[in-house]
Each structure stands twice: as C-alpha cells, then as structure tokens.
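Quick note on labels: first sequence line is chain A, next is B, and so on, each numbered from 1.
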Protein chains: 2
Amino acid sequence: MNPLLLDRLLQIAELFQKDMARAFDGTGLTPARVHLLWVLQHAGPSTQQALAKLCAVSPRNITGLVDGLESSGHVRRTPHPTDRRAVLVELTPSAVTTMTRMQQEHVELNETLISAIAPEDRDAVERGVTALAEHLAVLVAEAESAT
Amino acid sequence: MNPLLLDRLLQIAELFQKDMARAFDGTGLTPARVHLLWVLQHAGPSTQQALAKLCAVSPRNITGLVDGLESSGHVRRTPHPTDRRAVLVELTPSAVTTMTRMQQEHVELNETLISAIAPEDRDAVERGVTALAEHLAVLVAEAESAT
DNA sequence: TATTGTTATACTCTATAACTATA
DNA sequence: TATAGTTATAGAGTATAACAATA
C-alpha cells in the first residue's frame, strides 16, 4: 500500500528541517536566528516590535534573538531616528554577504528539486502544490479565527 | 513573478507545524511529546533506549519526555520482564484512544488535501511529491555521511 | 494613557558527561 | 566491561507579567 500524500508532505517538511539545520551547523546560527535574518533581509532595518509581528513571536523573544545575533556579529542595534523608545535592528555587511549566499543556494536547491520531477509532471505539481498551500492557509486561518 | 516551488513547499511545512501545534493546544501536549506518542503507537511498548533511537534523540531527552507524559497520564513505565536495568514505556488506555482519534483526523486531513488538487493533476502530484521526498532523502543522507 | 524594550521568572527541548544499578 | 537510565549542568527557544523610558 502506498503512503498518504499527507505523509509524503510531512516527510518533506522533516527533511527540509534537517537539511537546513545542518546547512548552518558550525556557523553558530540556529533555525530561529536564521529566520530572523531572512525577515531582516526582506524587510530592511526594523524595530523589534515589527520583527515580533513578522516572526509571529513575543517581543521578549526578539530581544533574546537579537542579543544572540548581535554577539555573533550578524546584526546591529541603532537608535531610531525619531522615536527614542525604539531601536532599529539591521544586518551587518558580513551578514548581508551570508544571506546573499544563502539565497543563491536556495535558488539552486529549487532547481535541483524541480529536476527530480518528471518533466511532464512539473506543471501539475506546481499547480497542485500551490493549491495545497492556499487550501492549508485557509484551514489554518479558520482555525485561528475560531480561537 | 510566481514563487519558487521550494518556497511553496516551505510554506506548506510551516502551515503543517502551525496546524498541528494548534491541534493539541490546550491538551498540554507538545510536538515533541506527540511525536513520541506516535512512535509508541507504532512500535508498541519499548525501552527508552529504543525510543531514543527511533526519535533520533538523546536517551536523556527521552527521560524528560517520558517524565512529562507520565505526569499527564499518557504513558506508563513498567519493569522490563527480563532486564532489570530497563523499563518498558507504554501508552495508557486513554492515550490509545487519543492516538486513534488523531490517526482518524490524519486520514481526514489527507482527504481534504487531495480534494484541494484538481482531479486531473492528482496523479502527477502524487508522483512528483514522491520523487521530491526520495530526492531530498538522498541529499540529506549524503550530507550526513559527509560529516 | 499607550507603546517600546528590558528585567524577572518559568517551562520545554535539546545536548554532553558523570554516576548507579544491572548484565 | 558494556548497557539502561538518571542526576548534574548548560544553552536555546518560547511565554507572561512587571517595569522603565518615552510618546
């Protein structure tokens, strides 16, 4: 008997986690910190409040993550130009370099994955996976609003 | 421009995590503990050493997870019949009920997901996702053996 | 009065190393 | 001597609540 589609997807999710965890193994980075770096690269310099919302995590947690990334030289805290309560968190130049490399590897992995799919199945997979992501997003949003 | 296939898959992985975390929210269960319960349901009564290997986690960690699940009444420690060093961990009857219900919901979610895919795309998605899982498994295995 | 970030406190998951009781 | 599990210790990620400085 063949495994459920759901199990395949869960397996893929687990393998991604393993693969990414090992990718920045030895760099001192962790999944939560890398996620914050990604958010920073996309959003640009941001207040910790903004980062807390984008990461869907408590402000207190952001303090801890930024503390760690500041110690390791990946981000810098600078004063907010107009609001003296707030700080702006931004990537250091070396972190920008790191994130650029990670983005390249990301695109390469994407190409590797596509090449693993039979050419005649690629369009259907693209459509199907998009439909799955949208459907799941609706399910999660419904469950959240029910809370 | 349309998002990369990789980004779609990562999004699905993230939504799964959210969905599952909320599914056993309020039950006192956590992802790591639910994972252990799944392993126990599939493997039956097991020593903690065996569980550590199946979960790919340190024996010490299993001690902590079993402590928590014992407190919450999900598992029981019983003496090993022939090896007085070891204990057997097994699901309590109420946890068996819980896991059976979770398995039903799992199958239902699978059907919901399939219904989100256009019927003419389903076979291709099944093949494509299987190919992706296998390809990723090879990539991860290679990376591990390189370490 | 509301917002930004931090200190205080606590819990879970995770690991390694040392130790105890048994094999 | 090797194995099963626990104690000891440590660090990351997470949360809530109280508090200071500022808006």
Side-chain angles (χ1 to χ4, degrees), chain A residues 14 17-18 20-22 24-40 43 45-72 74-90 147, chain B residues 14 17-18 20-22 24-40 43 45-72 74-90 147:
Chain A
E14 198 176 322
Q17 275 177 248
K18 258 197 197 170
M20 290 189 292
R22 219 185 355 61
F24 41 76
D25 204 33
T27 66
L29 289 171
T30 61
R33 291 179 189 183
V34 170
H35 182 228
L36 183 50
L37 292 179
W38 265 109
V39 167
L40 273 172
S46 310
T47 66
Q48 295 189 184
Q49 287 292 331
L51 295 174
K53 274 160 201 153
L54 289 169
C55 293
V57 108
S58 72
R60 175 61 184 92
N61 198 353
I62 295 293
T63 297
L65 294 172
V66 171
D67 284 351
L69 288 168
E70 207 174 27
S71 297
S72 58
H74 291 93
V75 306
R76 223 169 9 195
R77 279 182 171 104
T78 61
H80 191 287
T82 65
D83 187 340
R84 283 197 296 173
R85 294 171 305 181
V87 298
L88 285 179
V89 182
E90 61 183 9
T147 311
Chain B
E14 199 175 322
Q17 275 178 248
K18 260 198 197 170
M20 290 189 292
R22 218 191 356 62
F24 40 77
D25 204 31
T27 66
L29 289 171
T30 60
R33 290 179 191 184
V34 170
H35 182 227
L36 182 50
L37 291 180
W38 266 108
V39 167
L40 273 172
S46 310
T47 65
Q48 296 191 182
Q49 287 292 331
L51 295 175
K53 273 159 202 155
L54 289 169
C55 294
V57 107
S58 72
R60 176 61 185 91
N61 198 354
I62 295 293
T63 297
L65 294 172
V66 171
D67 284 350
L69 288 168
E70 206 174 28
S71 298
S72 58
H74 291 94
V75 305
R76 223 171 9 198
R77 280 182 169 104
T78 60
H80 190 287
T82 64
D83 187 339
R84 283 197 296 173
R85 293 170 305 179
V87 298
L88 284 181
V89 182
E90 62 183 7
T147 309

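Note on B/R77: a side-chain N or O is less than 4.0 Å away from OP1 or OP2 of D/dT6.
Between A/E70 and A/R77 there is a salt bridge, since a side-chain N of the basic residue sits under 4.0 Å from a carboxylate O of the acidic one.
With rounding to whole Å, B/E70 atom CD is found 13 Å from D/dG5 atom C1'. Computed from coordinates, the B/Q48 CD to C/dT20 C1' distance equals 15 Å when rounded to whole Å. One can place CG of A/L37 at 11 Å from P of D/dG13, the figure rounded to the nearest angstrom. Atoms CG (A/D25) and P (C/dT14) sit 15 Å apart, rounded to a whole Å.
Residues meeting the side chain to side chain donor-acceptor pair (under 3.5 Å) test with B/Q17, sequence neighbours left out: none. Shown here are the salt bridge (Lys or Arg N to Asp or Glu O under 4.0 Å) partners of A/E14, two or more places apart in sequence or in another chain: there are none. Every residue two or more places apart in sequence or in another chain that forms a side chain to side chain donor-acceptor pair (under 3.5 Å) with A/R85 is listed here: A/D83.
Near DNA chain D, meaning a heavy atom under 4.0 Å from it, residues 52-68 of chain B has B/R60, B/T63 in order of number.
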Using atom names, set out every protein N or O paired with an N or O of nucleotides 20-23 of chain D below 3.5 Å, distance rounded to 0.1 Å.
unit_1: D/dA23; atom_1: OP1; unit_2: A/R84; atom_2: N; d: 2.8

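Listed nucleotides: C/dT4, D/dG13, C/dT14. Nearest to the side chain of B/A32: C/dT14.
Between its opening and closing five pairs, the helix from C/dG5-D/dC19 to C/dA23-D/dT1 changes axis direction by 10°, a value rounded to 10 degrees.
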